Amino acid sequence: MATVHMVVNGREVSGEVEGRTLLSDFLRNGLKLTGTHIGCDTSQCGACVVHVNGKAIKSCTMFALEASDSTVTTIEGMANEDGSLGIVQQAFQDHHGLQCGFCTPGMVMSAAALLSENLTPGEAEIRDYLEGNICRCTGYQNIVKAIQGAAEELAA
Amino acid sequence: MPRDQGIGASSARREDVRFLTGNGRYTDDFNVHGQKYVHFLRSDVAHGRIRSVNTLAAAAMPGVIAVFTGEDLEGIGGLPCGWLVTDRHGEPMNEPGHPVLAVGKVRHVGDPIAAVVADSVAEASDAAEAIEVDIEELPAVINMAAALEGGSLVHDEIGTNLCYDWGFVEDSREAVDAAIAEAEHVTSLELVNNRLVANAMEPRVALGDYNASNDESTLYTTSQNPHVIRLLMGAFVLQIPEHKLRVVAPDVGGGFGSKIFHYAEEAFCTLASRRLRVPVKWTASRSEAFVTDAHGRDHVTKIDLALSKDGKFKAIRTSTLANLGAYLSTFSTSVPTWLHGTLMAGNYTTPLVYVNVRAVFTNTVPVDAYRGAGRPEATFQLERVIDKAARELGIDPVEIRRRNFVQPDQFPYATPVALEYDTGNYPATMDKLVEIADLDGFAARAEESASRGRLRGLGVNCYIEACGIAPSNLVGQLGARAGLYESATVRVNATGSVTVMTGCHSHGQSHETTFPQVVSDMLGIDEGQINVLHGDTANAPMGMGTYGSRSIAVGGSAIVRATEKIVAKAKRIAAHLMEASADDIEFADGVFSVAGTDKSVAWGDVCLTAYVPHNYPLDKLEPGLEETAFYDPANFTFPAGAYACEVEVDTDTGAVEICSFAAADDFGNVINPMIVDGQVHGGIAQGVGQALREHAIYDSNGQLLTGSYMDYAMPRADDLPSLVVDHSCQTPCTHNPLGVKGCGEAGAIGSPPTVVNAVIDALQRGGYDVDHIDMPLSPSRVWEAING
Amino acid sequence: MYSFEFERPTTIDDAVAALSRSGAQVIAGGQTLIPTLKNRLASPDVLVSLGAISELRGISVSSGSVVVGAATTHAEVAHSAAEAFPALSGLANNIGDPAVRNRGTVGGSIANNDPSACYPAAALATGATIITNSRRIAADDFFLGIFETALDEDELITSVEFPIPAAANYQKFEQPASRFALVGAFVSRFDTCVRVAITGAADSGVFRWSEAEKALTASFSPDSLAGLSVEADDMISDVHGSQAYRTNLVAVMTRRAVAAC
């Protein structure tokens, strides 16, 4: 076992982990941040996407120890300080960008990462960026609309 | 003007906030103090005789609590099948057993041989590797035709791999044969409806928690129908009476049919928790899901369509081999029969139809309902053969359909396959499609595609589906071993807010939003004053759950009935308060008034009176304001629609791009248009996935070659265009109180033939003599067809 | 996943030392290795992470070449090589998905030599040099067959030097599920020669299509490829495409790459 320290959603945390403990396991089981989901075991579905040092990564394909001393943001850290939905989250609700909600945390984290790189993504760019996030419910249409809506909101 | 509340409003989903903030509670998010973890050792061969299973070494491994094999479960019932099909000779289907853990034989890759319960997942997995299994491998039967021609037997005790040979309607068999023999034109097609994996994004989870102090078990599970699981598992597998068994299906991450069924892992975790006196949890990996979740579709069909030279349909004869896999999953037997054969008339007036289905056991994962369940299989073959016939007869594909539509004035319309369509307007949905898909502009778009070296094709088709399977007394005659009603309890609280408890289950359907819209309209109170509880047998009355697009049509109707009872009782209370006769009480916008007077009393006052009955007719009326209703529909509902798709084919690579997709649906009345749009989008995406990408492929040894997302191609965001959906054509259902039909499966039913028709159209326009390609139309298959 | 010890050295020397331990294995971005570990298809005793070694990261561009540190992510290559070597940047920008590109590394891809990976095609088609802690290996000598390379057990790729061709293009036809290359063709036109490398297609892994190179060196035009074909018997056949199909894709993707140069 080794001790890992990181800042998660603005809070300094530490915990004992094994070498094989994935970041997703540490978040879900160690920190009880169960918003990060596990939908596959081949790094394809993207339900586990979080930000490490500002970059979207698949937390099921990174060891917790690799995130030592990093800044991590999960879906639980995306709301405004007063607890209200952040812009990207609100856009997902406004545009009905989720149904069962299971892929949603990863989708929101990927969407936020895209918008941090590109404030005016076109539809094709959005669809391309979501290549690593699988949704089985929405046909992606309203997710795309939500991200377009969030982009407009952020630009305003 | 769009409404901002109630029926017809695009109310924002109240579920969303918890899902968007990471506060959803899915089954894997539940952890009970002291819980242990299960790892199932699963067969890696498709068919074999178990010589021995030695668990001694595994049991001694660190952290291991217990190891179970099939022998340890002696006396435990098998997993039951919920629908008895009677074959064309009047004999019951063959119904072999389905043990919780394999006994004697393994019958598919993924069949559980043993289960290790340990302190951690890793320790359980480590110990499972130490189990010594000696299996005599037997030849696997994978191909259905071979399975019926003397391949080895999946179930030795029944002496055949045939489950049933079903004919429908058997009495019309000879007449159909004669009509086809005498027809002016017959179009025939052999096709495969490809095997799929539902792939809800949340893998299945089961957590059994036994409380010895009161002998009660709780099962947390990823289910679309917790009451059904409680009944099946309690009564048939574990012999636990309902009052000692609670089943909780909390937030569930999609189902698409695959979470209807009662699975071995649910029974095992419940049983192991009782035996070991510790909570026992299992969480599937995606790889495990691929070889344990029931698969969908997998039909091989030959269809003959007899027509007059002017394109009038005279008769349909269809013969299908349906793969059931290695065991009978819960509703597997109903899918190729009653959910499939009854839809073979489609939207058309074909007078004669005969459907034959032979259902076959193979050494593959069990096959059961997947979004649409039987209806996509019917629609696909019918709409493909119609398209081929139109080409052969030189009739426009839209026109040939129009010539055969059941006309609006023919409803109610009795089909030759036992259904009575209550209402519909197929010409209207086709007109709408022509408009929203801009079919008139196709030629110009095809020319533009050609200028870029691409072949453009247009596919159109229609579909009809039957939702809200019912009524119970009829389905009972057809072999269903369950009722198909739905339940609701409407609990008005003392201060006037309302809690609705439904037997339906929402795993993406948005019931927490739409059901309050209905109640809000009926009670004239704000939607925000109403909440919905579901997914827990401890708080909702016995219900049948959510599948088959039934929730609003059946569950919504139950809510209406319960709310009507509430209003009736509230009127009696209001009458008492205003010293009037209940017959004179009017109720609108949350206010009770006495007709013809200015006397009124508000909703909240009536509610408070019900619970603080100081001034109350206690001699005539019970206090409280809570009502339960069970609704058993008089008939199915029949959503229908017309779809169009345009594709571009890259003939160098065989790649197909969907350029546009338009859907004109008739769902009857619509509660929340935004949510209905979303349901259609998702259905179309799954249908496009089936048409172009998804395929569960077994090799001849029974190994699943597409057992992960590395090889099973899920539709991604960049595989789809922006979809045009419309549900403004509305012919309300005539027999339920909301006039609703259901919308969940439509997209998955209507879209596969649309896409295939479009690709074939493109190739034909390009001069290629290709009249069919089996799904999925992957690049390699399209290229092989072009160059074959 | 089996248990293992996790080491996270901060220098190349420490990493090499760690790799000499029994049962030690390198983990770079882990985007292939971690799924492999999850499925218990590998059982290292020690995993040596390269994630904390800053000297392995970064890109330097000179007039004739791009040198990429082994632990540089695909996203960083996509960004930093965009001007100097657009074909390489484009290749990097189409590997996996954005989250994978933020973790996966050049060195990891090249050392793994997955038969469907993109980077081996770039290395082979540019005549790259794979630089390790102990030597320089020409790409032509490096890729020895699927998942096999010239690397010794405790040898570590430190950087890869890609010569910048006068013109280059990579065309990838994606396997529909994994989005790896079903067939990828990297074409590099240098002043004196043309190199063509094909990934995804062959049983033996990435390879140079010498017949096409010869024809294109003589005349750099899609038409020069007319009638040329790789040997179908050498191609992979699986659920995503037959040998004939892959043979066709090799020709089509190469033609398109030439046209796009």
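A note on names: the letters A, B, ... follow the listed sequences, proteins ahead of strands, and every chain is numbered from 1. Here the structure is a predicted model, which means the values were calculated and not measured.
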Which word best sums up how the rings of Tyr119(C) and His74(C) line up, parallel for under 30°, tilted for 30 to 60°, or perpendicular for over 60°? tilted

Name the option with the most non-hydrogen atom pairs under 4.5 Å to chain A; the candidates are Pro35(C), Gly96(C), Ser49(C), Ala177(C). Pro35(C)

Against chain C, work out which of Asp128(A), Thr61(A), Asp41(A), Asn133(A) has the most heavy-atom pairs shorter than 4.5 Å and name it. Thr61(A)

Quick check: does any side chain N or O of Glu7(C) sit under 3.5 Å from a backbone N or O of Val48(C), one acting as donor and the other as acceptor? no

Identify which part of Glu66(A) has an atom lying under 4.5 Å from any heavy atom of chain C, answering side chain, backbone, both or neither. both

Does any heavy atom of chain C fall under 4.5 Å from the side chain of Leu130(A), the backbone, both, or neither of them? neither

May I ask you to say whether Asp203(C) pairs ionically with Arg246(C), meaning some side-chain N is under 4.0 Å from a carboxylate O? no

Give the member of Gly46(A), Ala113(A), Cys60(A) that has the highest number of heavy-atom pairs under 4.5 Å with chain C. Cys60(A)

Any chance you could lay out the side chain to side chain contact (heavy atoms under 4.5 Å, CB included) test for Met6(A) and Leu23(A), step after step, and finish with the verdict? CA-CA 11 Å; Met6(A) 56 185 93; Leu23(A) 177 58; 3.9 Å; yes

Okay, Leu37(C) and chain A: the region with an atom under 4.5 Å from a heavy atom over there is side chain

Is it the backbone or the side chain of Gln31(C) that comes under 4.5 Å from a heavy atom of chain A, or both, or neither? both

Top of Val49(A), Leu114(A), Leu22(A) for chain C proximity - count of heavy-atom pairs under 4.5 angstrom: Leu22(A)

Using a 6.0 Å distance limit plus a 45 degree cone around the ring axis, check whether Arg20(A) lies over the aromatic ring of Tyr2(C). no

Among Met109(A), Met62(A), Glu117(A), which has the most heavy-atom pairs under 4.5 Å with chain C? Met62(A)

Closest approach of Thr120(A) to Glu125(A) (non-hydrogen atoms, all atoms of both residues): O-OE1, 4.0 Å

Restricting to non-hydrogen atoms, name the atom on Leu33(C) and the atom on Gln25(C) that form the minimum distance, rounded to 0.1 Å. CD1-NE2, 3.4 Å

